[in-house]
Amino acid sequence: MSKNVLILPGDGIGPEIVTQAKRVLELVNSQFSLDLEFTEALVGGAAIDADGVPLPASTLEAAQKADAILLGAVGGPKWDTNPDFQIRPEKGLLGIRSNLGLFGNLRPAILYPQLAHASSLKPEIVSGLDILIVRELTGGIYFGQPRGIRVKEGGIREGFNTYVYDENEIRRIGRVAFEAARQRGKKLCSVDKANVLEVTVLWREIMEEVAKDYPDVELSHMYVDNAAMQLVRAPKQFDVMVTGNMFGDILSDAAAMLTGSIGMLPSASLDVNGKGMYEPCHGSAPDIAGQGKANPLATILSVAMMLRYSLDAGEAADKIEAAVSQVLDQNLRTADIMSEGMTAVSTSQMGDAVVAALKG
Ligand code: NAD
């Protein structure tokens, strides 16, 4: 039976990078007889311009029907000044995440050896780095109630938030992480602050419980402060890391920056059934939009993640990742990863090279 992929190009460089990623997806669709069908819709600023809202009902409906979603990026200065936060591009993304229950955020930090010099750390510390951070995306302190700013006795204002997870929320993100670890190096490090926060005492207990179903995966625990330190000291010790929303937000950005190249990093946000939205980690880069300078590889690698996690096409995913490595071996570089002696290419030329490697 055919599967439907919803394509949301979005704003800024979104349409340029998605065009290249779609070429790659269409090619592997025919090479591996995947029987994929494609639908396209508006989200973010593009949707505000056309329909007045960042997530039109027709886009949400298409997202609900799709088997997987590929997103470019949303946002830009044109829409940033709207005082009504409901009419901001980011609301389009948040709306899809919450309506579809996309609670499991997978963010790989991979450093291709060819780009080791791009990191701010020494090449020997990061070369060949391949970490997957699994972040809980719809709970924790970012959503906990009560929250707000109130005035207490003596007229002193205080801000407060609630860090809360129930055991089901912890269990389901735990399962996503264990499943991912099982498909990789079979090592999972759960990050918490169980020496201080009761909510993460429960987090640790539930992770231990879930571990019983995954005897082939080695589970360890680390406090978040130590995890931050270890990520910059010896990041290659990690295979998969799992953590809550706020710790994951911070650690995944730190891990991403170890690779030094935001244009290379894909991500996935999954629901309980493995359906997901796939997008590059970077934003809409309005400073380079429309100039053919954007690196399409993060979006192309997001297509690989989509094939692996939502479309049961791991072989096609492997082939795309190998093709990306091959174009780097050919010394082709977009401006963000350019260095001496390399050949500068545009967004579409990088797409051409990946397509050629796939056909090769
Ligand atoms: P950004 O990631 O768009 O850009 C940061 C820097 O990285 C810029 O210099 C940009 O040119 C460069 N860059 C980003 N992607 C690149 C690529 N593929 N190739 C080459 N260079 C690339 O972050 P920002 O400037 O903080 O945000 C710009 C807009 O994007 C804002 O409106 C923001 O709200 C939005 N944003 C959207 C998402 C998303 O859609 N998921 C995520 C982050 C930011």
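Indexing begins at 1, ligand by ligand and atom by atom, following the structure's order.
Put simply, the side chain of Lys275 gets close to the backbone of Gln64: a donor and an acceptor are under 3.5 Å apart. Checking side-chain atoms of Arg88 against main-chain N and O of Asp80 turns up a donor-acceptor pair under 3.5 Å. Checked by atom type and distance alone, the side chain of Glu208 never pairs as donor or acceptor with a backbone atom of Glu205 at under 3.5 Å. Side-chain atoms of Asn245 do not come within 3.5 Å of backbone N or O of Gly140 as any donor-acceptor pair.
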**Q.** Check against side-chain contact (heavy atoms from CB on, under 4.5 Å), Phe103 and Arg97
**A.** CA-CA 8 Å; Phe103 69 93; Arg97 280 183 193 156; over 6 Å; no
(Q) Pair Lys293, Ser346 - check side-chain contact (heavy atoms from CB on, under 4.5 Å), show working. (A) CA-CA 5 Å; Lys293 287 184 183 166; Ser346 67; over 6 Å; no
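Inclusion of Val74 in the set of residues having an N or O under 3.5 Å from an N or O of ligand 1 is warranted. Residue-to-ligand polar distances place Glu279 within reach of ligand 1: an N/O pair is separated by less than 3.5 Å. Checked by distance only, ligand 1 and Leu71 stay at 3.5 Å or farther apart across all their nitrogen or oxygen atoms. For Gly76, a nitrogen or oxygen atom sits less than 3.5 Å from a nitrogen or oxygen atom of ligand 1, counting backbone and side chain alike. At a 3.5 angstrom cut-off on N or O pairs, Gly72 does not count as close to ligand 1.
Checking atom 19 (N) of ligand 1 against the protein gives a heavy-atom contact under 4.0 Å. Atom 5 (C) of ligand 1 is not flagged as protein-proximal [any protein heavy atom, distance under 4.0 Å]. For atom 25 (O) of ligand 1, no protein heavy-atom neighbour is present inside the 4.0 Å cut-off.
The protein non-hydrogen atom at the shortest distance from atom 7 (O) of ligand 1 is Ile262 CG2, 3.9 Å. Protein heavy atom closest to atom 39 (C) of ligand 1, with residue, atom name and distance, is Leu93 CD1, 3.8 Å. At the top of the distance list for atom 33 (C) of ligand 1, counting protein heavy atoms only, stands Glu90 OE2, 4.0 Å. The nearest heavy-atom contact from the protein to atom 1 (P) of ligand 1 is Gly283 N, 3.5 Å.
Atom numbering of ligand 1 starts at 1 in the shown order; those under 4.0 Å from a heavy atom of Gly75 are 32 (O). Less than 4.0 angstrom separates some heavy atom of Ala294 from each of these atoms of ligand 1: 19 (N). Those atoms of ligand 1 with a heavy atom of Ala73 less than 4.0 angstrom away are 40 (O).
When Pro77, Pro296, Ser284, Ala285 are checked for heavy-atom proximity to atom 29 (C) of ligand 1, Ser284 turns out nearest. Residue nearest to atom 21 (N) of ligand 1, selected from Ile288, Thr334, Asn295: Ile288 (by heavy-atom distance). Nearest residue to atom 14 (C) of ligand 1 from Glu16, Lys78, His282 is His282 (criterion: closest heavy atom).
In this structure, the separation between CG on Leu70 and CE on Met305 is 12.5 Å, given to the nearest 0.5 Å.
Cation-pi check for Arg135 over Phe247 is not met; the charged atom does not lie both under 6.0 angstrom from the ring centroid and within 45 degrees of its normal. Within the cation-pi definition used here (under 6.0 Å to the ring centroid, within 45° of the axis), Arg150 qualifies as a partner of Phe160.
When the shell of 6.0 Å around CG of Asp312 is examined, it contains 12 or fewer heavy atoms from other residues, nucleotides or ligands.
Salt-bridge annotation for Lys187 and Glu218: absent, with no side-chain N of the basic residue lying under 4.0 Å from a carboxylate O of the acidic one. For Asp216 and Lys186, the salt-bridge test fails: no basic side-chain N is under 4.0 Å from an acidic carboxylate O.
Partner of Thr39 under the side chain to side chain contact (heavy atoms under 4.5 Å, CB included) criterion, out of Leu6, Val5, Ile7, Thr59: Leu6 alone.
Using a 4.0 Å heavy-atom cutoff, Ile17 is absent from the residues neighbouring ligand 1.
Of the heavy atoms in Pro286, only side-chain atoms (C-beta onward) come closer than 4.0 Å to ligand 1. With a 4.0 Å cut-off on non-hydrogen atoms, Asp287 touches ligand 1 through its side chain and not its backbone.
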